[in-house]
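Structure, as structure tokens:
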Amino acid sequence: MTKWNEGRVVENKQWTSTLHSLRVDAPIEKFEAGQFTRLALDIEGEEVSRPFSLVNAPDEQPLDFYFIAVPGGLLSTKLATLKAGDTIKVAPKAAGLLTLKQLPAAKKLFLLATGTGIGPFLSIIKTVEVWQQFERITLVHAVRYMEELAYQQVIRHVAETHSHQFSYIPMVSREACDYAISGRIPAAIMDNKLEIRAGSRIDEDSHVMLCGNPDMVQDTMAVLLQRGLKKHSRREPGHISIEKYW
Ligand SMILES: Cc1cc2nc3c(=O)[nH]c(=O)nc-3n(C[C@H](O)[C@H](O)[C@H](O)COP(=O)(O)OP(=O)(O)OC[C@H]3O[C@@H](n4cnc5c(N)ncnc54)[C@H](O)[C@@H]3O)c2cc1C
Ligand SMILES: NC(=O)c1ccc[n+]([C@@H]2O[C@H](COP(=O)([O-])OP(=O)(O)OC[C@H]3O[C@@H](n4cnc5c(N)ncnc54)[C@H](OP(=O)(O)O)[C@@H]3O)[C@@H](O)[C@H]2O)c1
């Protein structure tokens, strides 16, 4: 049985018709950037809970959750209706292995996300440690439409602070966009567009973190394995760490 803390919604920021950031004031135990916790609501007499990544850095409050109201989704459609002042259950203990501590030594870090999968990477790039651990960091955010390229202010701030170490690459798959790479992540690796734009090669000196759509995770991993990179685990160090959102 999960033990819950009561959280209070500070803001429900709506980015598009389906994308939201829920800012919640709630106590949480010390966590690592990249981890997730669980959120729950009582819906028609039943407690419904799901995991959500923490977008805020470990030393920041309020807690920040970036989510999509999945059409027909039981919990996410209810989260979308919350307003400032509403209460929500928040699990006090975060979990997850998509964190810096889990990574072997490497020079370059590639953070590749689709949709709301950018959440844990935003938490990671807000930390001091990641800039000490890696020489070069590339954040790729792949979405369907331009308006889904959220958190531009946070990304711009990081880019200004770490201009020599950081590349941000937006990707848009379903409309023309002159500043984004068009199409999907695996194709952009295969035809070298992603690395040319990053100014950095994905090689054995790299660690690649993948988060979001499970098909993207699977297809990208297949391309990286073909290149000779290996999946990372505690027992067998490699180059690829993953988190599938569904
Ligand atoms: C470790 C972990 C961390 C997660 N962090 C986040 C997060 O930070 N933000 C977030 O929006 N979701 C996140 N998810 C997904 C989230 O837990 C729920 O599955 C999602 O909110 C749907 O719940 P629901 O009750 O509304 O839908 P359900 O009625 O349970 O329907 C589930 C279906 O929704 C779709 N779906 C689930 N998650 C997503 C998603 N993120 N984007 C697109 N389609 C999706 C899939 O088709 C899935 O089969 C995470 C999942 C995991 C495993
Ligand atoms: N975003 C919306 O406007 C919207 C609206 C209504 C419903 N939904 C529902 O919400 C859910 C998630 O939507 P989302 O937009 O966050 O996420 P998504 O469907 O995961 O799309 C995000 C990005 O991932 C890409 N992608 C999908 N499969 C891939 C693969 N195998 N390899 C590499 N890249 C891949 C998509 O490219 P492609 O465009 O080429 O697929 C897109 O660029 C879906 O279940 C969807 O039905 C979304």
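Throughout, numbering of the chain's residues begins at 1 and tracks the sequence. Because the structure is a prediction, the values reported are computed rather than measured. Note that ligands are numbered from 1 as they come in the structure, with each ligand's atoms numbered from 1 the same way.
- When heavy-atom distances to ligand 1 are checked against a 4.0 Å cut-off, L74 comes that close through both its backbone and its side chain.
- At a threshold of 4.0 Å, the pair K230-E236 does not count as salt-bridged, since none of the basic side-chain nitrogens sits closer than that to a carboxylate oxygen.
- For Y66, every heavy-atom contact with ligand 1 shorter than 4.0 Å involves the backbone, none the side chain.
- Using a 4.5 Å cut-off between side-chain heavy atoms of Ile, Leu, Val, Met, Phe, Trp and Tyr, with links allowed through other members, L109 and L122 fall into the same hydrophobic cluster.
- A donor and an acceptor atom, one from each side chain of T114 and Y245, are nowhere located under 3.5 Å apart.
- Shortest contact from atom 27 (O) of ligand 1 to any protein heavy atom: G73 CA, 3.4 Å.
- Residues Y168 and Q152 form a side-chain contact, since some pair of their non-hydrogen atoms from C-beta on lies under 4.5 Å apart.
- At least one heavy atom of K244 sits closer than 4.0 Å to an atom of ligand 1.
- Regarding atom 23 (O) of ligand 1, its nearest protein heavy-atom neighbour is R50 NE, 3.5 Å.
- Taking 4.0 Å as the cut-off between side-chain N and carboxylate O, D59 and K126 do not count as a salt-bridged pair.
- A donor-acceptor pair is defined here as one N or O able to donate and one able to accept, closer than 3.5 Å; no such pair exists between the side chain of S123 and the backbone of P120.
- Annotation for ligand 1: atoms under 4.0 Å from non-hydrogen atoms of I68 are 11 (O), 40 (C), 41 (N), 42 (N), 43 (C).
- Shortest contact from atom 39 (C) of ligand 1 to any protein heavy atom: W246 CE3, 3.2 Å.
- Here the heavy atom of the protein found nearest to atom 8 (O) of ligand 1 is S53 N, 3.0 Å.
- Panel note: side chain H141, backbone G115; a donor-acceptor pair is recorded below 3.5 Å.
- Backbone and side-chain nitrogen or oxygen atoms of P51 are examined, and one is located within less than 3.5 angstrom of a nitrogen or oxygen of ligand 1.
- Ranking the protein heavy atoms by distance from atom 3 (C) of ligand 1 puts Y245 CE1, 3.3 Å first.
- Looking from atom 22 (C) of ligand 1 to the surrounding protein, the closest heavy atom is V70 CG2, 4.0 Å.
- Side-chain N or O atoms of T37 include one that pairs as donor or acceptor with a backbone N or O of A91 at under 3.5 Å.
- Distances from atom 32 (C) of ligand 1 to the protein include no heavy-atom value under 4.0 Å.
- No N or O atom of E243 sits closer than 3.5 Å to an N or O atom of ligand 1.
- Surrounding NE2 of H157 are at most 12 heavy atoms belonging to other residues, nucleotides or ligands under 6.0 Å away.
- I118 and F166 end up in the same hydrophobic cluster when Ile, Leu, Val, Met, Phe, Trp and Tyr side chains are linked at under 4.5 Å.
- Applying the 6.0 Å contact sphere to CD of Q218 captures no more than 12 heavy atoms from other residues, nucleotides or ligands.
- By the 3.5 Å distance cut-off applied to N or O atoms, F67 is not counted among the residues near ligand 1.
- The shortest distance between side-chain heavy atoms of N5 and I28 does not fall below 4.5 Å.
- Nearest protein heavy-atom contact of atom 41 (N) of ligand 1 is T116 OG1, 3.0 Å.
- A donor atom on one side chain and an acceptor atom on the other are found under 3.5 Å apart for R136 and S167.
- Only the side chain of F36 comes within 4.0 Å of ligand 1, judged by heavy-atom distances.
- With respect to atom 21 (O) of ligand 1, the closest heavy atom belonging to the protein is F52 CZ, 3.3 Å.
- In the model, R38 has a side-chain atom that pairs as donor or acceptor with a side-chain atom of S49 under 3.5 Å.
- Where the criterion is an N or O separation shorter than 3.5 Å, residue side chain and backbone included, S76 meets it with respect to ligand 1.
- Sorted by chain then number, the residues whose non-hydrogen atoms approach ligand 2 to under 4.0 Å are I68, P71, T114, A142, V143, R144, E148, S173, R174, R184, P186, N213, D215, M216, D219, W246.
- Look at K3 and E29 and you find no salt bridge, because none of the NZ, NE, NH1 or NH2 atoms lies under 4.0 Å from a carboxylate O.
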